[in-house]
Amino acid sequence: MNKFIKKLNKISIKLLYNMYNIKIEKINILYTKNYNYGDISIIISSIFCLKDKEKKKFGIYLGNYIIKKFKKYIYKYNFKNNFLNFFLTNYFYIEIINKFLKLNFNINKFINDVNNNNKLIIIDYSSPNTNKPLHIGHLRNMLIGNTISNIYYELGYKVIKSQIINDRGIHICKSIVSWKLFFNGITPLSYNIKSDHFVGKLYFKFEKELNKEIKNISYKYNINNEKAKKLSKLLIIVNDELVKWENNNTNSIYIWKMINLWAYKGFKKTYNALNIKFDEIIYESKTYIIGKKIINKGIKNKIFFLDKDKSVYFLFKKKKIILLRSNGTSLYITQEIGTLIYRLKKYKKIHLLIYVVGNEQIYHFNILFEIVKKINLSIKNNNLFHLSYNSVNFLGKKIKSRYGKNIIFIDDLIDKMYINVIKKFKEKKKKYNNKKKILKLISIGAIKYQFIKINPNKIIDFNFDKCLELKGNTGIYIQYTYVRIYSILKKNKNKYFIIKKKHINLIKKNEKDILKNIIEYPNIINKSAYKYDPSIFTNYVYDLSKKINVFYQNNKIINIKNIYKKNIRLIICNIILKFLDKSMKILGIPIIKKI
RNA sequence: GGUCACGUAGCUCAGAUGGAUAGAGCAACUGCCUUCUAAGCAGUUGGUCACAGGUUCGAAUCCUGUCGUGAUCACCA
């Protein structure tokens, strides 16, 4: 289809030059939105150097010329409001259908313009802290990351799905201290809860105690919270713990390892439930040392500076950005620099490194990219991209996960959705036996779809009623579409045959709408990739499904006598199934063959 | 205050490179299961595209300003 439009473009430009001696590079051609006007439109009014009378003259001439040249594909044109509209022949669509049949329904061969020479793209997403379970903020992150990875893979890139685990830092020390002080000797087993949820308990307990202590101090000495923090004993203990940890203290490392293992074990279960996968896992506890080394080197090269109190800083827009604390321990940005260098060593040539991280860290990434510019690495700034997305709010407020309040864990959401799906299934269909697996897949699809259909720049104001909705534009709509088509093809025993010219009038509007949609697939996938927006592709899949359901509901497919008509419809069903299959895999919506 | 997002139907959201009469879903109200799976289909109702200017043949889309919402500006991550 793109080729066809390019041809039209070329001819229009050439003709314009021949007639008026006007040279332009491109003419505006688009799919006609209103089918009453046509299928493809050339916007003559965009040639602004022509006068109105000349536009009409040129338009009609061009129309006649094109219709003669492409008799096979175009049968009619009209000229309205300076738009030159063409109507596509049925042959145009039949050719597509026959092509699929000849290619034995191999979509990749049909699309045929995925070719990016295996360029390497690293997509960094999820990056959990090991101090609490994964929550719906992580969910948005991992779904954007996973989907955008699949989209780039589809475009022929070599994609590394990369997860960094923030397994070190002050927050982990809080859990360590909490375990020592309040939970000594207790394990997830003794509490009988999922191990990462136990780790969360440690962290929230610490924050609660810290909060209490600070309130007491500020009341006692009549000072504000900031000043009270400096007097907090708990914070002193935690900072000591961090120094101990960075100095490889045996006891510290032992507890740290134990707590992290609990966290990983829990994360793994959640990832498995959602079918989120990674090609590599990087532990910051291993890369922060590389970061420290680079920073020390940078002091010598006068990129970074040593302050009076021995902290190290970087100047960003005349502001001091601390890279190493005065006690020598490292910060988030230190680890980030280390991780980048680790990657550059591991992979020789990185075409693009995408960080999927929330928009609250835009400032942080601006600093990081500025540092990269200064320390002269083998990667340039325009090969780094921060894919930022907006927050997931609950009850109208951003989730502050500190105290464990107002926080929704993915595990809990999955459970709730599953119960909801079972309930709705029982309301609709009476028999409920051994459908557990399928209902589980429906609930996973439903959750994922709710998140990826929304543009990353928008705030998601999470609420259960909305999220549990299973009508209309939802995951199950896509799954159900697949089930219907699959069911038809399973029942069919006829063989397909090439459509002959004399049968071209058997193809109708509903079928054409689907085919029109399908030939746009490569454009959409490209757009979704370069805009870093999975929702573009998601909405396309919904749109396609909608057209399929219209077609399905308004046309009989198997139970018709005309074998030629039946043949056309069955082939289209086959095409649909292949595209749905591919699309759902990209979106990570589980495919179900029977409900 | 600086920077960055966002503002489209009662609600949730689509509207790429400016194009013709701004589209879906939910909610409300009508129809359609003896016929390939009704979590569906067909239809009705619902809009000053936050506001004001500008750019041009043409603006929800681009530019400027105003208002509103949110994020961010840490020896947190």
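All values derive from a computational prediction rather than experimental measurement. Sequence lines set the chain letters: A, B, ... in the order given, protein chains first and strands last, and positions in each chain run from 1.
A:F83 has its ring centre no less than 6.0 Å from the ring centre of A:Y37.
Residue A:I459 is classed as a sugar-phosphate contact, given heavy-atom separations below 4.0 Å to backbone atoms only. Among the heavy atoms of the strands lying under 4.0 Å from A:I170 are primed sugar atoms or P, OP1, OP2 only; no base atom is included. Note on A:N555: a base of the nucleic acid sits closer than 4.0 angstrom, heavy atoms only. The residue A:K466 sits close only to the backbone: its heavy atoms come under 4.0 Å of sugar-phosphate atoms, none of a base. Here A:Y542 lies in heavy-atom contact (under 4.0 Å) with sugar-phosphate atoms only. When heavy atoms are screened at a 4.0 angstrom cut-off, A:I43 is found touching base atoms of the nucleic acid. Among the protein residues, A:K33 comes within range of the sugar-phosphate backbone only, with heavy atoms under 4.0 Å from sugar or phosphate atoms but none that close to a base. In this structure, A:N34 reaches the bases: a heavy-atom distance under 4.0 Å links it to at least one base atom across the strands shown. Heavy atoms of A:T32 sit under 4.0 angstrom from at least one base atom. Residue contacts for A:V483: at a heavy-atom cut-off of 4.0 Å it reaches a base atom on one of the strands shown. Residue contacts for A:D543: at a heavy-atom cut-off of 4.0 Å it reaches no nucleic acid atom on any strand shown. Nucleic acid contact for A:S535: none, since no nucleic acid atom lies under 4.0 Å from a heavy atom of the residue.
Protein atom CD of A:Q361 is 19 Å distant from nucleotide atom P of B:C4, rounded to whole Å. Here B:C13 presents its P atom at 9 Å from NZ of A:K453, a figure rounded to the nearest Å. One interatomic measurement links the two molecules: CD1 of A:I488 to C1' of B:C36, which rounds to 5 Å at whole-angstrom precision.
For A:N455, whose side chain is taken as the heavy atoms from C-beta onward, the closest listed nucleotide among B:C4, B:U37, B:A14 is B:A14.
Side chain to side chain, A:N359 and A:Y389 fail the donor-acceptor criterion of an N or O pair below 3.5 Å. No side-chain N or O of A:S126 forms a donor-acceptor pair with one of A:N141 less than 3.5 Å apart.
Distances shorter than 4.0 Å separate some side-chain N or O of A:Y477 from OP1 or OP2 on B:C41. Checking the phosphate oxygens (OP1, OP2) of B:G25, a side-chain nitrogen or oxygen of A:K546 falls inside 4.0 Å. Within the structure, a side-chain polar atom (N or O) of A:R484 is placed less than 4.0 Å from OP1 or OP2 of B:A38. Put simply, A:K593 has no side-chain N or O that comes within less than 4.0 Å of OP1 or OP2 on B:U37. Checking the phosphate oxygens (OP1, OP2) of B:A20, no side-chain nitrogen or oxygen of A:Y37 falls inside 4.0 Å. Look at A:K174 and you won't find any side-chain N or O under 4.0 angstrom from OP1 or OP2 of B:A77. Residue A:R325 places at least one side-chain N or O under 4.0 Å from the OP1 or OP2 atom of B:A77.
Residues A:N82 and A:I43 form no side-chain contact, since every pair of their non-hydrogen atoms from C-beta on lies 4.5 Å or further apart.
For A:K527 against B:U17, no side-chain N or O and base N or O form a donor-acceptor pair under 3.5 Å. Side-chain atoms of A:N549 stay outside donor-acceptor range of the base of B:G40, with no qualifying N/O pair under 3.5 Å. A donor-acceptor contact under 3.5 Å links the side chain of A:S41 to the base of B:A20. One can find a donor-acceptor pair under 3.5 Å joining the base of B:A20 and the side-chain atoms of A:N85.
Around NZ of A:K416, the count of heavy atoms belonging to other residues, nucleotides or ligands within 6.0 Å does not exceed 12.
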*Step by step, work out the side chain to side chain contact (heavy atoms under 4.5 Å, CB included) result for A:T334 and A:Y332.*
CA-CA 5 Å; A:T334 327; A:Y332 181 44; over 6 Å; no

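In B:C33 the base sits syn relative to the sugar, since the glycosidic angle is no further than 90° from 0.
The same atom, C1', is picked in B:G18 and in B:C36; the two are 45 Å apart, to the nearest Å. For the P atoms, the distance linking B:U34 with B:A39 amounts to 15 Å, nearest Å.
At least one test fails for A:K132 against the ring of A:F204: distance under 6.0 Å to the centre or angle within 45° of the axis.
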